[in-house]
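Heads up, the thing below is written out as C-alpha cells.
Everything quoted here is computed from the prediction, not taken from an experiment. Chain naming here is simple, since letters A, B, ... match the order of the sequence lines and numbering starts at 1 in each.
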Number of protein chains: 2
Amino acid sequence: MRFSEEELLRRIRRLSGSSEEIERGIGDDGCVLRLKEGRYVLSQDMLVEGIDFERGLFSFEDVGMRAVYVNVSDILCMGAEPMYFLMSIAIPKDLSYREIGRFLRGIGMASKEFGLKLLGGDLSSSRRGLVVDICMVGVLVTEHYLGRDRAKAEDLIAVTGMLGQASFALNLFKAGERIGGLGRFVERLRRPRPPYEVWKELVKSGIPNAMIDISDGLLLDLQRLLRESGKGAKIFFENIPIPAPLLERKMEVLALTGGDDYELLFTFPKERLPLFEGLRERFPLHIIGEVTESGGLRMFKGGRPIKVERKGWDHFLWRRWTRRRM
Amino acid sequence: MRFSEEELLRRIRRLSGSSEEIERGIGDDGCVLRLKEGRYVLSQDMLVEGIDFERGLFSFEDVGMRAVYVNVSDILCMGAEPMYFLMSIAIPKDLSYREIGRFLRGIGMASKEFGLKLLGGDLSSSRRGLVVDICMVGVLVTEHYLGRDRAKAEDLIAVTGMLGQASFALNLFKAGERIGGLGRFVERLRRPRPPYEVWKELVKSGIPNAMIDISDGLLLDLQRLLRESGKGAKIFFENIPIPAPLLERKMEVLALTGGDDYELLFTFPKERLPLFEGLRERFPLHIIGEVTESGGLRMFKGGRPIKVERKGWDHFLWRRWTRRRM
C-alpha cells in the first residue's frame, strides 16, 4: 500500500453528507447531531477477516456491502429507519489501493441504497486481516420498539424470504461444487441485503410485536428472541420456507441452523392476520409457528414432536462444530 | 479459551446500566434511547493489537482502560460530556479467560470513572490479535461545539499537562532502560486518562474556541486543527511544557512529535485570558503560541524561526519512520 492516510480519508469522506441534523460531520474528533426529541436506535456490528469472511469467497465490494447490510438489519429489527453510521477500519498491509477502493465502493453502494450518511470513525492498520466495525444510528418509526423482548403468548411467528440459501451456497463452494443456476443463493451469501421493502410495509401496517434478524440460524435466533421475551414456541417444520435444492439434497438442516440468512423473524398477534395476509400477496412471508407461554422451543414434523438441538453459531464454540462461520 | 459466548456476554452486560434515557439497553439487536431535543456527539476509536498496543508493554487492564479513555478524550474535545458507549471486541483464541477478564475489568474501571453506561455492541473472535472498537455518545455542554474548525485568528494556543511523557516512557522501554522514578511517565503511556477535571473547568468558564486531543504528536495535531480552521499559527518552543528528563537527554522532539499524550490542545480568545489565568493556579496549563490568519505553522526558538517538519504518526507511512505507534 503506497498511499497516505490523508488520501484514504479523502475517499472515505465522500461517504459523508449533510442534513439539517448534522451540525458537524466527519473530519473532527466527533460528530455533532442536533436531534429533535424522539427515540433513536444505535447498533454496532463488526466483520473480521478470517472469521466473518474470507477473501476468495467474497469480493471486497461484497465485504463492504455486508458491513453496511448487517448493521441496517439490526436497526430494522428494532423498528427504526437507518440514518447515519460511524465506521472503524483496520487495514492490513497486504491490501492494495485498488482493493481498498473496492471495499469502500461496496460501503458506498450499500449505504446509498438506504440513504445513509457517514458521520465519522477511525482509520487504523492491522498486522493481519481486514477489520471493519460500524456503529449505526436510526430513528424509531414504530409506536413501540420491536426487538427481542416483545413476543407475547399466542403471537404467530413468521419469517421473510427463504431460509438456508446463504449457507447452502457456502457449502457448495467449500465442497468445490459447481453452482450454476444458483445465482440467488450465492447473492444471499455474498450480499445479504435486508428485506427492507417488506419491513417497511410490515411496520407501516403496525404488524410485528417482536423482531430479530436471522444471522446465526433460525433455531438459535428464535431461542434468543424467546429467552428475552420469557416465552416458549411451537414451530412446524413443514411451514419453514426451505428452498427445493436443499430438500433435494437432504440439507434441510441448513434452513434451521445454517446462518447468514439475514431474513427477518418476527411475531405478531393473531388479530393482525388480515393485514399480514394482505402483504403475503406481494412478499414472500411464511408463518412457521406460534409463541407459547412456556415450554421452551418445540418443533413438530408430520404432527409429531422432533428434537430441537441448540444449533447455530457461537463464536467461542466453533472448534467443536462441523460448520464455521466465514 | 474454554467458555461460551453466553458466559462472556453475562460479564459484559454488567457494564450496562439504566437511565431515564435508556428505553432498551444491551441484549437486543440495538439499543433504544429516548432523547430530549439537544445536541449530541458521537465518536468512534479502535485499538488493534500489534498496532496500537503490544502485550508485555501493556497489561490487559491497561488496554481496556485505554480503549475507553481515547474515546472519552474525543468526546471532551467536542465540548460534550460522555454518557454511553457501544463496544465491539474481536477476541483471539490465545487469550485466556483470565486475560479477557482483566481486559473487561479495565473497561469497567475507566467507564465507571466517567459514569458511562454500555448500550450494546458486538462480540466476535479473531484469528490473531485483540481488537476493540468503541463508539461513544455524549451530550454537548458548551454553547458552541468545540472541535477542530473553531480556531480564530489571534486566538491564543494552549495545552494541558506536560508533553512527551508517554513517548519518552515508550522509548526507554524499547531501549530496555530502567524506568525507576519515572512512574508518572509510565502511567501516561499505559493509562492516558484525559484531563477531565481541567476540561470541566475550561468549558464551565466558556474559555476554549477550538479543541483537539494530542494523540499523534503536538505538531501533527496542531496542523490538523489549523487546517480544519483554515488558519496558521506561531508557536514558541520555549513555552512548550517539556518535562526535565526529556531536556536532559535531548529528547525534546518527543514532546513535539512523540504522540500518545492525550493532553488537550485548544485555542481561546485573548479576552478570556483572565479566566484562563484563574485556572492556571490550579491546573498545569501552558500558552504555547497564537493563531494567525495565514502563514502555516511556524515555530520559533530563541526568537528565530526553526524548521517544522510534518511529523507525527500516519498509519500508512510508518514503515518509513523510525518510530512506530505501539
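Neither the backbone nor the side chain of B:N71 comes within less than 4.5 Å of any heavy atom of chain A. Proximity to chain A (any heavy atom under 4.5 Å) is restricted, for B:M87, to the backbone atoms N, CA, C and O. Only the backbone of B:I89 comes within contact range of chain A, with heavy atoms under 4.5 Å apart. In this structure, chain B has no heavy atom under 4.5 Å from any part of A:I75.
Between the CG atom in A:D52 and the CG atom in B:D122 there is a gap of 7.5 Å [rounded to 0.5 Å]. One distance of note links OG of B:S124 with CG of A:D45; it measures 9.0 Å at 0.5 Å rounding. To the nearest 0.5 Å, the span separating CD on A:E49 from CZ on B:R128 amounts to 13.0 Å. Note that the SG atom of A:C135 and the CD1 atom of B:I134 stand 11.5 Å from one another [nearest 0.5 Å]. Here the CG-CG distance, from B:L42 to A:L119, works out to 6.5 Å after rounding to the nearest 0.5 Å.
Of all the listed residues (A:G120, A:G121, A:S43, A:G129), the one sharing the greatest number of non-hydrogen pairs under 4.5 Å with chain B is A:S43. The choice from A:V32, A:L35, A:L76 that makes the most heavy-atom pairs within less than 4.5 Å of chain B is A:L35. For the set B:L225, B:L140, B:D149, the entry with the most heavy-atom pairs within less than 4.5 Å of chain A is B:D149. With chain B as partner, the option from A:E37, A:M136, A:M211, A:R148 having the largest number of non-hydrogen pairs under 4.5 angstrom is A:R148.
Between A:V131 and B:V48, the closest side-chain pair of non-hydrogen atoms is not below 4.5 Å. Looking at heavy atoms from C-beta onward, A:E228 lies out of side-chain contact with B:D28 at the 4.5 angstrom threshold. Side-chain contact between A:R39 and B:R24 is absent, with no heavy-atom pair separated by less than 4.5 Å.
Closest non-hydrogen pair, B:V41 versus A:G30, comes out as CG1-CA, 4.3 Å.
Counting non-hydrogen atoms of other residues, nucleotides and ligands closer than 6.0 Å to NZ of B:K152 gives a total above 12.
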- Message: Go through it in stages, so that I can follow the logic: the residues are B:M46 and A:M46, the test is side chain to side chain contact (heavy atoms under 4.5 Å, CB included), and I'd like the CA-CA distance, side-chain angles, deciding distance and then a yes or no.
- Response: CA-CA 11 Å; B:M46 180 186 254; A:M46 180 186 253; 4.2 Å; yes

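A side-chain donor-acceptor contact under 3.5 Å links A:Q44 to the backbone of B:D133.
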